[in-house]
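Worksheet: the structure to be examined is printed underneath.
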Amino acid sequence: MAEAAYDTDNIFAKILRGEIPSHRVYEDEAVVAFMDVMPQGPGHTLVVPKAPSRNLLDADPATLGALFTVVQKVAVAVKKAFDADGLTLMQFNEPASGQTVYHLHVHVLPRFDGVPLKPHTGQMEKPEVLAENAGKIRAALAG
Ligand code: 5GP
């Protein structure tokens with residue numbers, strides 16, 4: 001089945017344009033990382049390329065190189081910031097997979113031995129908690 005076209009008014013496009021606030025932890029010319037508002041665990045971070053694509057399937061390969069370079073940088077910082085035992089990366093493509101926001105992004109999730117993830121797009125986290133967690137990741141990225 002053919003996929004729908006990229007919607008320039010999806011929520012991440014609005015965040016990238018600064019029309020909706022986010023707790024940003026990283027930005028360069030090609031990629032932004034910010035906290036997920038419905039985290040599946042503390043420190044759940046989204047890494048998002050600035051170039052528009054619905055998901056991995058229609059992305060420019062050059063975008064993927066820049067994106068995964070930052071995914072690794074953010075993953076190392078998130079693991080350090082939360083003293084995690086491990087990390088899960090997730091990336092969904094089209095509704096059948098669980099994708100809910102149609103701008104390519106990678107989920108970075110710190111993992112702790114024996115602790116399951118909370119449900120995908122479950123509960124909204126308090127802004128002050130997201131701000132505190134973002135601060136920890138920024139500090140780890142700087143250090
Ligand atoms: P997907 O299902 O598309 O892979 O994941 C989209 C993610 O975006 C979900 O984990 C959801 O919690 C998160 N999300 C949805 N709306 C917003 C928002 O307005 N701001 C932020 N920071 N995250 C969002």
Side-chain angles (χ1 to χ4, degrees), residues 1-82 84-112 114-142:
M1 195 175 83
E3 278 95 34
Y6 178 81
D7 172 11
T8 54
D9 277 334
N10 74 76
I11 206 111
F12 291 172
K14 289 182 177 176
I15 286 175
L16 289 169
R17 291 197 295 265
E19 294 165 14
I20 289 179
S22 64
H23 294 89
R24 291 191 187 205
V25 297
Y26 178 90
E27 177 164 10
D28 65 24
E29 65 287 350
V31 181
V32 169
F34 50 84
M35 306 313 293
D36 195 299
V37 283
M38 290 173 267
Q40 292 185 249
H44 183 171
T45 305
L46 300 168
V47 186
V48 184
K50 292 181 178 175
S53 73
R54 262 176 81 78
N55 53 43
L56 186 85
L57 302 172
D58 60 334
D60 182 337
T63 299
L64 301 181
L67 173 62
F68 273 85
T69 298
V70 177
V71 166
Q72 185 192 34
K73 208 177 285 205
V74 168
V76 169
V78 164
K79 186 170 182 297
K80 181 177 164 200
F82 292 88
D85 300 312
L87 269 181
T88 295
L89 299 183
M90 297 194 297
Q91 193 278 313
F92 302 105
N93 301 281
E94 299 302 323
S97 73
Q99 185 177 10
T100 58
V101 176
Y102 297 97
H103 181 112
L104 174 60
H105 54 280
V106 176
H107 299 256
V108 176
L109 284 142
R111 299 302 303 272
F112 304 90
V115 180
L117 290 179
K118 292 189 202 159
H120 186 56
T121 62
Q123 258 193 311
M124 290 282 277
E125 184 54 276
K126 295 186 200 81
E128 57 269 29
V129 173
L130 295 177
E132 190 188 335
N133 289 345
K136 287 183 189 169
I137 297 168
R138 273 189 228 110
L141 280 164

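For ligands, and for the atoms within them, numbers begin at 1 and follow the listed sequence. Note that the structure is a prediction, hence the values are computed from the model and not measured. Residue numbers start at 1 and run along the sequence shown.
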task: Before giving the answer on ring-ring contact (aromatic ring centres under 6.0 Å, His included), spell out for His107 and His105 the whole-Å C-alpha distance, their side-chain angles and the decisive distance to 0.1 Å.
output: CA-CA 7 Å; His107 299 256; His105 54 280; 5.1 Å; yes
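Using a heavy-atom distance under 4.0 Å as the criterion, the protein contacts of ligand 1 are Ile11, Phe12, Ile15, Phe34, Met35, Asp36, Val37, Met38, Leu46, Phe92, Gly98, Gln99, Thr100, Val101, His105, His107, His120, Thr121.
Side chain of Asn93 to backbone of Asn55: no donor-acceptor contact under 3.5 angstrom is found. Side-chain atoms of Gln40 come within 3.5 Å of backbone atoms of Lys118 as a donor-acceptor pair (strictly under, hydrogens ignored).
Between Phe12 and Phe34, the ring-plane angle classifies as perpendicular under the 30° and 60° cut-offs.
Taking the side chain as every heavy atom from C-beta outward, Leu104 and Gln91 approach each other to under 4.5 Å.
Residues that satisfy the salt bridge (Lys or Arg N to Asp or Glu O under 4.0 Å) test with Arg138, not counting sequence neighbours, are absent from this structure.
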